[in-house]
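Start at 1 with the first residue, then count along the sequence.
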Amino acid sequence: GFYMNETKLRNADANLEVEGILSEKALELITDKNNKNVIRGYVVFKLNDLDFVTVNVYVSEFTKNGEASKAYPNVLTVMNEYKSIAEVGEDAADRVRCKSVQVQPNSYVGKEDLMVHENVRYSASFFTRITDPTKYEPIARMEIEAYVQSVIDEFTVQGEATGRLKVKLYIPTYKGVEPMDAYISETIAEDFKDMVSIGQTVLLAGMPINRNEIKENVIHMAMGGDIVKKSSKRISEIVFDQANPYDEDDPKSFSTEAIRAGLVERDLRLKKDKEQLELAKKTGGATSAVKPAIAQGRTLPKFMNM
């Protein structure tokens, strides 16, 4: 981290609690470059028929200081013993809770299109099986601290206000300052407009929504019954329905100067990544960076008018 006006950006608190049926697990045991065991991949939680949450896993057997990792045996058990819907069907699949999933807003340059993509990844290293069915409550609740960059009303394609707000947020992470596009639920939109100003730091709580919405278009035919055409639309968004703004002199508030400096650093990093990828394309060689098999997360909607 760098210092600016004596303000050092701390990492924002960003946590997701998720509980659902284990829908799918794609975990593999590999050895890293130091020949140490690592379990990597992802697991998918099913909350209901529409909503799913994908959580990335990358857990080494030993910590950097060479101590045995507490998370590793847990994830090994998930890999070897937990049963997913894909393996045994929904009734027999395990109900799983993960109290602390890291929320990681993430920007990267696409290998093919060389454009900057933004998404939010989730990763975790500790899971619990729920053995008592009466204790099972499917949930996905996120809490995150964010710097508010802009707030605008959301409109439909037809130009009607939805009641929700679109917000552009900046989140200081261990990788630097990352943008996140999200929504403020209509339930708190008016209060949010009254109480939150641009440049303020806010603690937000809400839920990530990742679903396929199926639309049916029915064409009535005079003879032989109706024609039903189905189309599916991928929805990926984060909707906050609780908010608590910090006072400007609160030590937890992120300073505008430090956020701006962090964004300059981000631009430089992405520019460098892009140049490396362009070079690799020209020379036809692979870049040195090998990406682990992770679920990249859904690319969040880009808000054009911001």
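- Side-chain N/O atoms of Glu178 and Ser107 include a donor and acceptor closer than 3.5 Å.
- The distance from the CG atom of Asn119 to the CG atom of Asn106 is 4.5 Å, given to the nearest 0.5 Å.
- Between the side chain of Asn212 and the backbone N or O of Ile235 there is no donor-acceptor pair closer than 3.5 Å.
- In Asp49, the CG atom is not crowded: 12 or fewer heavy atoms of neighbouring residues, nucleotides or ligands sit closer than 6.0 Å.
- To the nearest 0.5 Å, the span separating CG on Leu50 from CG on Asn210 amounts to 11.5 Å.
- Rounding to the nearest 0.5 Å gives a distance of 12.0 Å between CG of Leu169 and CD of Glu145.
- Formation of a donor-acceptor pair under 3.5 Å by the Lys281 side chain with backbone atoms of Glu112 is found in this model.
- For the 3.5 Å distance criterion, the side chains of Thr173 and Gln104 fail to qualify, holding no donor opposite an acceptor.
- Within 6.0 Å of atom CD in Glu137, 12 or fewer heavy atoms from other residues, nucleotides or ligands are found, so the atom counts as exposed in its surroundings.
- Of the N and O atoms on the side chains of Thr256 and Tyr147, at least one donor lies less than 3.5 Å from an acceptor on the other residue.
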Side chain to side chain contact (heavy atoms under 4.5 Å, CB included) between Lys193 and Asp153, intermediate numbers included: CA-CA 10 Å; Lys193 276 198 255 190; Asp153 292 307; 2.9 Å; yes
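- Under the 4.5 Å side-chain heavy-atom criterion for grouping Ile, Leu, Val, Met, Phe, Trp and Tyr, Leu204 is connected to Ile198 within one hydrophobic cluster.
- Once rounded to the nearest 0.5 Å, the distance linking CZ of Phe155 with CZ of Arg164 reads 13.0 Å.
- Atom CD of Glu248 has 12 or fewer heavy atoms from other residues, nucleotides or ligands within 6.0 Å.
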Side chain to side chain contact (heavy atoms under 4.5 Å, CB included) between Leu22 and Phe45, worked out: CA-CA 5 Å; Leu22 185 61; Phe45 289 84; 5.8 Å; no
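- Heavy-atom neighbours of Arg141 CZ from other residues, nucleotides or ligands within 6.0 Å: above the threshold of 12.
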Test salt bridge (charged side-chain N to carboxylate O under 4.0 Å, His left out) applied to Asp94 and Lys83, step by step: CA-CA 5 Å; Asp94 282 310; Lys83 297 284 182 275; over 6 Å; no
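- Here Leu270 contributes atom CG and Glu265 contributes atom CD; the two are 11.5 Å apart, rounded to the nearest 0.5 Å.
- Taking CG of Asp32 as the start and CD of Glu61 as the end, the distance is 10.5 Å to the nearest 0.5 Å.
- Under a cutoff of 6.0 Å and an axis angle of 45°, Arg40 and Tyr58 do not form a cation-pi pair.
- Around NZ of Lys272, the count of heavy atoms belonging to other residues, nucleotides or ligands within 6.0 Å does not exceed 12.
- At most 12 non-hydrogen atoms from other residues, nucleotides or ligands lie less than 6.0 angstrom from CG of Asp91.
- Note that Lys252 lies in the cation-pi zone of Tyr246, set by a 6.0 Å cut-off to the ring centre and a 45° limit from the axis.
- Between the side chain of Thr283 and the backbone N or O of Leu279 there is at least one donor-acceptor pair closer than 3.5 Å.
- Annotation: side chain to side chain contact (heavy atoms under 4.5 Å, CB included) contacts of Ser185 (sequence neighbours excluded): Thr187, Val239, Asp241.
- The two residues Ala140 and Met207 have their closest heavy-atom pair at O-CB, 3.1 Å.
- What you find for Val177 and Ile259 is that their closest heavy atoms are CG2-O, 4.1 Å.
- Summarising the geometry of Val78 relative to Val43, their closest heavy-atom pair is CG1-CG1, 4.5 Å, with the distance given to 0.1 Å.
- Closest of all the heavy-atom pairs between Ala93 and Ser84 is CB-C, 3.7 Å.
- A donor-acceptor contact shorter than 3.5 Å is absent between the side chain of Glu17 and the backbone of Lys99.
- The one candidate from Arg95, Arg97, Glu81 that meets the side chain to side chain contact (heavy atoms under 4.5 Å, CB included) condition with Arg129 is Glu81.
- A donor-acceptor contact closer than 3.5 angstrom links the side chains of Thr162 and Glu154.
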